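The structure appears below as C-alpha cells.
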Amino acid sequence: MDDLQLRVLPLLALLASLLYFFYFQDSPTLFERSDCSLFPYNHYWIISKRIVTPRGVISGAVEVKEEKIVSIVKEEDWHGNLKRGQIIDYGEAVVMPGLIDVHAHLDDPGRTEWEGFPSGTRAAAAGGITTLIDMPLNNFPSTVSAETLKLKIDAAEKNIYVDVGFWGGLVPENAFDANSLEALLSAGALGLKSFMCPSGINDFPMTNSSHIKEGLSILAKYRRPLLVHAEIPQDSESYLEDGEDDPRSYSTYLKTRPPSWEEAAIRELLTVSKDTRIGGPAEGAHLHVVHLSDAGSSLQLLKQAKSNGDSVTVETCPHYLAFSAEEIKDGDTRFKCAPPIRDAANKERLWTALLEGDIDMLSSDHSPSVPDLKLFDEGNFLKAWGGISSLQFVLPVTWSHGRQYGVTLEQLALWWSERPAKLAGQDLKGAIAVGNHADITVWEPNVEFELNNDLPVYLKHPSISAYMGSKLSGKVLATFVRGNLVYKEGKHAPAACGAPILAT
C-alpha cells in the first residue's frame, strides 16, 4: 500500500462515518422505531399555534430527540432553527402534555376478559393518555406482594401502548407485616391503595384506620403515597323502605350510599393523616383520597386537613362532573359506580371546588367488566357490578363540560398532567419542558363527534360505557409516548412499546 493510499483511507473512513451519521441520524432502522412509532424519526419538531407549557400557551415549536424534549422555541425566536430536521405542523391544534391517569383498572392478569393491558392502553393512547397507573385489584391475584407485582409487570411487558406504573395494595394481611410491605415497595410499586369499605373483590379486603396508620409509617420511608377509597358503611342507618324501593330506579341505589359514608371515612382518615405533617411520625408519606363524590361535608373536612398541614390531596372523576342523578334512567346500570353520582347541585359544587383548587386533580377510575355483570336485561342497580368505563373519553368529556365554566388549557394540564405526575413521583412527566419525556397529546378543541358505533372505540366492551351516545368536543389527533407517535387519527403503532414504570 503506497503513501497516497495510507493518507486517503483515513479520510475516506472519516467521510463515510460523517455520511452515516447525517444520513441515518433520523433513520427508523437505526433506532428500530418503525414498529413503535407511526412517525419513524428520532429527531423532529412539533409546531403549533397553541402549545401548553408551564409558562403559558405559546405559538412555536417543540424539538424532540429520541425520548426527550430537547428545546422549546417561541415562533418569534425561530431564526431558522427549524430549517433542518423533520417537522410536524399541527396548525391551530392544541399541543399539550400527555394525560396521566393515576386511577385505572385494567384487570390484567387474571381478568383480561374484562379489559386487559393491550385493549386498555390502546384506548388510553386514543384518548391522549400517555401514562396510567394501574390499580392493584380487579386483576387476579390482587397486587399485594412483591410476587404478585411481578405477575403484573410480566403481563404488561410488550403489551402496553403507553407507559404504565402500578400501585400496590394495602390489605389487613400485609398492613402489620413491615417486611412484606417494604418488599412490595422495593419491587417498584409507586405507592399503596386501600379500601375502607368492601371492595367487591375477595382477595382485597377492607382496611381501617389502624391498618392505614401502619401503612403510612412504612410509606414515609419511601416518600410515596397511600390512595384510599373513602367510604365507611353506616349500618345504624336504614336507607330503604321494604317493598317501596324499585331496584331499577337509580334513586334507590343512591339511597344506599349517602354522603355520610364518605364523611365517616374521611373523619377517620384524618385521625391518622396528621402523622404526615412536618415533624410527624409519618412525615414523607402522603394521603390521597380517590374519586371524591361528596362536595359537602367531606370536602370541607379535607380542606381543613390541608390547612392544618396534613399531606393530603384529593381527586374527582369526569363522571361526577358530567352526569347528575336526576338524568339517569331506570335500569341504565352503566351509570352505577361507588361512591355514586349524586345530584345536580352536588355536581355544581364539585366544579366550584375543582376550579378553586380544593380538588387537586382528575382521574378516570376506569373500572370495566364484562357486559353480563352489568345486568342490562334486569336493570337492577342493587345487584349490577359498579364501575364507569371511560378511559378513551376523559379528555373530551372534561373539556366539553368544562367549557361552560371557563376551563382553560392550562387548567386541563394541571389537573390531568402536572399534579398526577407529582402524585406518582414522575419527575420527567407531566409538562412540556426541556429534559422531560416527549409525552405529548395533540387535539382539536372545536371538533365535535358522537360516541356511536361509527366511532373507533378501543375499550374491550364499549357497550358498558356510560358515555356512549354522548356528543362531545375535543378530538384527539395524535399521541406521542417518549417520542414515539403511538396513535394518529384512528391508527395505532404496530408494536406495543410502552414502558413499565417502577419506583426506584
Side-chain angles (χ1 to χ4, degrees), residues 99-105 131-137 143 165-171 175 181 184-185 189-197 199 207 209 211-220 222-232 262 265-277 280 282-294 298-299 301-317 320 338-339 350 353-354 357-367 414-426 429-430 501 503:
L99 278 68
I100 298 174
D101 186 358
V102 295
H103 191 150
H105 299 266
T131 302
L132 60 80
I133 317 300
D134 195 31
M135 281 292 167
L137 71 160
T143 309
F166 314 96
W167 301 121
L170 178 70
V171 293
L181 282 183
L184 176 56
L185 293 166
L190 299 180
L192 301 175
K193 164 75 181 293
S194 72
F195 270 71
M196 298 182 76
C197 62
S199 72
T207 56
S209 57
H211 303 123
I212 290 168
K213 186 180 182 70
E214 292 297 319
L216 288 172
S217 69
I218 300 298
L219 286 162
Y222 293 81
R223 307 191 72 83
R224 297 182 203 166
L226 174 64
L227 287 72
V228 181
H229 180 128
E231 286 184 290
I232 292 180
E262 290 186 82
I266 290 169
R267 283 191 184 281
E268 186 164 325
L269 273 180
L270 298 189
T271 65
V272 295
S273 68
K274 63 180 184 293
D275 291 351
T276 65
R277 297 173 190 172
E283 180 185 352
H286 178 79
L287 189 68
H288 180 73
V289 175
V290 300
H291 51 46
L292 182 77
S293 169
D294 173 34
S298 300
L299 183 63
L301 288 169
L302 289 168
K303 287 173 62 176
Q304 184 60 48
K306 289 180 181 182
S307 68
N308 291 340
D310 297 16
S311 184
V312 174
T313 50
V314 57
E315 72 187 41
T316 193
C317 305
Y320 300 124
L350 284 175
L354 182 64
D358 296 323
I359 294 174
D360 300 280
M361 68 192 77
L362 297 173
S363 76
S364 72
D365 189 16
H366 175 63
S367 186
L414 184 69
W415 301 333
W416 274 114
S417 302
E418 181 180 330
R419 286 176 177 165
K422 183 177 180 181
L423 178 71
Q426 299 306 299
K429 297 183 182 293
I501 301 171

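Since the structure is predicted, the reported quantities are computational estimates derived from the model, not experimental observations. Just so you know, residue 1 is the first one in the sequence shown, and it goes up from there. Every heavy atom of this structure was used, including side-chain atoms; hydrogens, water molecules and symmetry mates were not.
The minimum heavy-atom distance linking F166 with I501 is given by the pair CD1-O, 3.9 Å. Across all their heavy atoms, R224 and A189 have their closest contact at NH1-O, 2.7 Å. The minimum heavy-atom distance linking L216 with A282 is given by the pair O-CB, 3.9 Å. The two residues S293 and L350 have their closest heavy-atom pair at O-CD1, 3.7 Å. The shortest non-hydrogen separation linking L192 to W167 is N-CE3, 4.3 Å. Across every non-hydrogen atom of M361 and R419, the tightest pair is CE-O, 3.9 Å.
Under the 4.0 Å criterion applied to side-chain N and carboxylate O atoms, D310 and K274 are not assigned as salt-bridge partners. Look at D360 and K422 and you find no salt bridge, because none of the NZ, NE, NH1 or NH2 atoms lies under 4.0 Å from a carboxylate O.
Using a distance-only test at 3.5 Å, with no hydrogens or angles considered, a donor-acceptor pair links the side chain of E268 to the main chain of S209. A donor-acceptor pair under 3.5 Å is formed between the side chain of H286 and the backbone N or O of S311. Looking at T316, its side chain does come within 3.5 Å of a backbone N or O of L292 through a donor-acceptor pair. Within the 3.5 Å criterion, the main-chain N or O of L414 finds no donor-acceptor partner in the side chain of S417. A donor-acceptor contact shorter than 3.5 Å links the side chain of K306 to the backbone of D358.
The side-chain heavy atoms of L137 and F195, taken from C-beta on, include a pair separated by under 4.5 Å. Residues Q426 and L190 are in side-chain contact: their nearest non-hydrogen atoms beyond the backbone lie under 4.5 Å apart. Side chains of H288 and V314 form no contact here, defined as non-hydrogen atoms less than 4.5 Å apart. You'll find the side chain of T313 stays beyond 4.5 Å of the side chain of I359, heavy atoms only. Looking at heavy atoms from C-beta onward, L269 lies in side-chain contact with V289 at the 4.5 angstrom threshold. The closest side-chain heavy-atom distance from S298 to L301 is not below 4.5 Å. D365 has its side chain out of reach of V290: every pair of non-hydrogen atoms, C-beta onward, lies at least 4.5 Å apart. Residues L170 and L181 are in side-chain contact: their nearest non-hydrogen atoms beyond the backbone lie under 4.5 Å apart.
Note that CD of E214 and CG of L219 are 11.5 Å apart. Values are rounded to the nearest 0.5 Å. Taking CG of L287 as the start and CG of L227 as the end, the distance is 8.5 Å to the nearest 0.5 Å. Taken from CD in E231 to CD1 in I266, the straight-line distance is 9.5 Å, to the nearest 0.5 Å.
In this structure, R267 places its CZ atom where only 12 or fewer heavy-atom neighbours from other residues, nucleotides or ligands lie under 6.0 Å away.
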Q: Could you walk me through whether Q304 and S307 pass side-chain hydrogen bond (donor to acceptor under 3.5 Å, both in side chains), step by step?
A: CA-CA 5 Å; Q304 184 60 48; S307 68; 3.3 Å; yes
Q.
I'd like to know whether K193 forms a side-chain contact (heavy atoms from CB on, under 4.5 Å) with M135, so could you lay out the CA-CA distance, the side-chain angles of the two residues, the decisive distance to 0.1 Å, and finally the verdict.
A. CA-CA 8 Å; K193 164 75 181 293; M135 281 292 167; 3.6 Å; yes
Q.
Run the side-chain hydrogen bond (donor to acceptor under 3.5 Å, both in side chains) test on S364 and D101 for me, step by step, so that the C-alpha distance in whole Å, both residues' side-chain angles and the decisive distance to 0.1 Å come before the verdict.
A. CA-CA 6 Å; S364 72; D101 186 358; 2.4 Å; yes
Q. Going through the checks in order, is the side-chain contact (heavy atoms from CB on, under 4.5 Å) test met by I100 and L132?
A. CA-CA 6 Å; I100 298 174; L132 60 80; over 6 Å; no
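With no hydrogens or angles considered, no side-chain donor-acceptor pair links E315 and H291 at under 3.5 Å. For the 3.5 Å distance criterion, the side chains of H229 and S194 fail to qualify, holding no donor opposite an acceptor.
The ring pair (Phe, Tyr, Trp, His ring centres under 6.0 Å) check on H105 picks up H103, with sequence neighbours excluded. With sequence neighbours excluded, the residues satisfying ring pair (Phe, Tyr, Trp, His ring centres under 6.0 Å) with H211 are F176.
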